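In what follows, chains carry the letters A, B, and so on, assigned in the order in which the sequence lines appear, proteins first and then strands, with residues in each chain numbered from 1. This structure is a prediction, so every number in the text was calculated from the model and none was measured.
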Protein chains: 2
Amino acid sequence: MSEAPVLDLASLRRGCAHCSLQQLCLPAGIGAQDLQKLDDIVRRRRPVERGERLFRPGDALNAVYVARDGAFKTVSISEEGEEQVVGFHLPGELIGLDALGAGVHRCEAVALTTANVCEVPFDQLSFVASQLPSLQQQLLRIIGQSVGRDQDHLGILVRRQAGERIALFLHGLAERYRNIGQSATRFKLPMSRDDIAHYLGLALETVSRGFGKLQEDGVIEVVGRQVEIRDPVELNRLAHNAEHEEPRRRGRA
Amino acid sequence: MSEAPVLDLASLRRGCAHCSLQQLCLPAGIGAQDLQKLDDIVRRRRPVERGERLFRPGDALNAVYVARDGAFKTVSISEEGEEQVVGFHLPGELIGLDALGAGVHRCEAVALTTANVCEVPFDQLSFVASQLPSLQQQLLRIIGQSVGRDQDHLGILVRRQAGERIALFLHGLAERYRNIGQSATRFKLPMSRDDIAHYLGLALETVSRGFGKLQEDGVIEVVGRQVEIRDPVELNRLAHNAEHEEPRRRGRA
DNA sequence: CGGAACTTTGAAGTCAATCAAGTGCTGTGG
DNA sequence: CCACAGCACTTGATTGACTTCAAAGTTCCG
């Protein structure tokens, strides 16, 4: 009885209920049978240690991954060996889509903390999706959201100054923590200043100074990687309105 | 428009052979019947004039588009009204994927030149794809390639200096012209310096100076929007190796 | 406790943005 | 055909932001 599929299904459903796959299966109005098709192909992995990689550039696209807890970064390495942080992945966000185009990963996915991940073999996912149009559509949507996040990232990098980028980064991160049911005002950064710098296209010293200034201004409280957002409204203003518009208004008003 | 399907099919097939949809149907080993399913949903539009828009931010995702000739830019407009050029689209490159995530466009697509476009209603494409697994896979791949291009764009913007970005831009553009069977060494830029600047995250003056310097160094010949690449090897080196690493064409050559 | 990794802080230099003319193309009307 | 307006592009000078180099301070773990 303890091996009864009903129990397994129940536990999986509970598991997926607060991991990103909820977006893949639940809103599709999926039946128990169909859900099981999906559940059957999801694999668990032993915890991944900090610094371990899920895949490396050049690896074939075997699976996509979702962290159940912990965090990852995806890094693309230029021909000169310089690292560029392409994205951070919190629990529930899909990892591995970078290989969709060529069938081969462009980036490496590195664990920032010890983490538990679900692994979904891609060919099986693809096969199941072809049988379940609603799942296929969900898959497209998830991918589209990931594209949207990339575009947001672009928006952060283009013609924005350091303070603005940092505010935008913190703002976006808070939003994402809120989405996974964690505090949006108090959290521990899973990544180093260096990682943030490589994500924002800044020098790490600039990131450090930016944090310092935000603290000076009473917007955040930061000790090492522990962050508390004291003034979310002001943070939002800094992120969207640019800091140089208000404080000193010269001719252009 | 209901005309003789057979004739339409023939012309479309010829048409698709050198437009981006070739990537959608041809490699899938698609049969004549299946091809027709696809061809049936592709619509032509009257030529789009320079400055016209295919869609605007907030528009529902009705269709994806492919230019048969001409060029487009997709622009996302920040809350402060600043324009950010998200991408340029040459003939054969899909336009409109930005709405996949939310079902609503985030960007606007503006014609840079007069252009002919094919319009593929998205729900129909999605429906046909669900019936043709091979088409579905192709669709995923196309989307993945678009994600890859976005990541390349990211790579251009992060921590690269102006000269490098411009070289990278020209290099990438040449590559894409080559892919569509046009000269990779001599072409006319469809976009303004201002568009390029907004794409590269630079001021337009900086772009102009960058072009000037490349010309001074004998790498390119540029008159207005007409560009000739004189030294592709050097351009490639500038794009990937950074100009300040090695020969500072002053003292030690 | 000690060491390594990470973070903060300071000072100096550089690159690109900005402001400001000026030049050259394109098309239109006299 | 030329004059002229409008726009796109180029060029110059200045300023400010960020990087870089350097060093001290902190946190995290074994």
Side-chain angles (χ1 to χ4, degrees), chain A residues 49-51 73 82-83 85 110 112-114 156-167 169 188-216 220-227 238 242-245 247-248 250-252, chain B residues 49-51 73 82-85 112-114 156-169 188-216 220-227 238 242-245 248 250:
Chain A
E49 293 301 324
R50 180 176 188 223
K73 64 175 174 181
E82 299 206 359
E83 296 199 353
V85 174
V110 185
L112 294 168
T113 62
T114 303
I156 293 181
L157 291 173
V158 173
R159 295 274 270 155
R160 289 213 138 84
Q161 26 201 79
E164 219 173 328
R165 293 188 200 188
I166 291 165
F169 169 72
K188 184 170 182 183
L189 299 171
M191 72 293 279
S192 70
R193 299 286 188 275
D194 196 49
D195 288 333
I196 298 173
H198 279 92
Y199 179 76
L200 296 180
L202 298 169
L204 75 89
E205 294 95 326
T206 307
V207 173
S208 184
R209 280 185 247 268
F211 277 28
K213 181 157 187 307
L214 285 175
Q215 178 156 241
E216 247 177 54
I220 65 173
E221 196 70 42
V222 55
V223 181
R225 297 194 179 179
Q226 189 63 45
V227 171
L238 291 174
E243 55 218 287
H244 48 274
E245 297 215 357
R248 53 159 148 119
R250 279 199 308 213
R252 166 92 187 91
Chain B
E49 293 301 324
R50 179 176 189 222
K73 64 174 174 182
E82 299 205 358
E83 296 199 353
Q84 145 73 1
V85 175
L112 293 169
T113 63
T114 302
I156 292 180
L157 291 172
V158 172
R159 294 273 272 153
R160 289 213 138 83
Q161 26 201 74
E164 221 174 328
R165 294 187 201 189
I166 292 165
L168 231 19
F169 168 72
K188 185 169 183 184
L189 299 171
M191 71 294 279
S192 71
R193 299 285 189 275
D194 197 50
D195 288 333
I196 298 173
H198 279 93
Y199 178 75
L200 295 179
L202 298 170
L204 75 87
E205 296 95 326
T206 307
V207 173
S208 184
R209 279 185 248 268
F211 278 27
K213 181 158 187 305
L214 284 175
Q215 178 155 241
E216 245 178 54
I220 65 173
E221 197 71 43
V222 55
V223 181
R225 297 194 178 180
Q226 189 63 43
V227 172
L238 290 174
E243 55 217 289
H244 48 276
E245 296 215 356
R248 188 71 128 178
R250 251 198 309 249

In terms of side-chain heavy atoms of [X], which of [options] is nearest?
X	options	value
A/Arg209	D/dC9, C/dT8, C/dA11	C/dA11
B/Gln161	D/dT19, C/dA17, C/dC15	C/dC15
A/Ser192	C/dT7, D/dC18, C/dA17	C/dT7
B/Ala203	D/dC18, D/dT20, C/dA17	C/dA17
B/Ala162	C/dA16, D/dT11, C/dT8	C/dA16

Contact class for [X] vs. all strands (heavy atom < 4.0 Å): base, sugar-phosphate, or nothing?
X	result
B/Leu204	base
A/Gly201	sugar-phosphate
B/Arg165	nothing

If you assign each of A/Arg159 and A/Gly224 to its closest nucleotide in DNA chain C, which residue comes earlier from the 5' end?
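It is A/Gly224, whose closest nucleotide lies nearer the 5' terminus.
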Within 6.0 Å of CZ in B/Arg225, more than 12 heavy atoms from elsewhere:
yes
Do [X] and [Y] have side-chain heavy atoms sitting under 4.5 Å apart?
X	Y	value
B/Met191	B/Tyr199	no
A/Glu49	A/Thr114	yes
A/Leu189	A/Phe211	yes
B/Leu238	B/Leu214	yes

Rounded to whole Å, how long is the line connecting atom [atom1] of [X] with atom [atom2] of [N]?
X	N	atom1	atom2	value
A/Asp194	C/dT8	CG	C1'	14 Å
B/Asp195	D/dC7	CG	P	16 Å
A/Arg160	C/dA17	CZ	C1'	16 Å
A/Glu49	D/dG30	CD	P	11 Å
B/Leu189	C/dC25	CG	C1'	16 Å
A/Leu157	D/dC18	CG	P	13 Å
A/Leu202	D/dT20	CG	P	11 Å
B/Met191	D/dC9	CE	P	11 Å

Using atom types as modelled and distance alone, determine if a side-chain donor or acceptor of A/Arg159 lies under 3.5 Å from a backbone N or O of B/His198.
no
With rounding to the nearest 0.5 Å, note down the distance linking CD in A/Glu83 to CG in A/Asp194.
8.0 Å
Donor/acceptor link under 3.5 angstrom from B/Arg225 side chain onto base of C/dT26
no
Quiz question: going by heavy-atom distance under 3.5 Å, is there a donor-acceptor pair between the base of C/dC19 and the side chain of B/Glu205?
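Answer is yes: a donor-acceptor pair is held.
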Per side-chain contact (heavy atoms from CB on, under 4.5 Å), B/Arg193 is matched among B/Leu202, B/Val207, B/Thr206 by B/Val207
Angle between the end axes of the helix from C/dC1-D/dG30 to C/dG30-D/dC1, five pairs per end, to the nearest 10 degrees?
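Rounded value for the end-axis angle: 30°.
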Phosphate-side-chain proximity, B/Thr206 and C/dA16, N/O vs OP1/OP2 below 4.0 Å
no
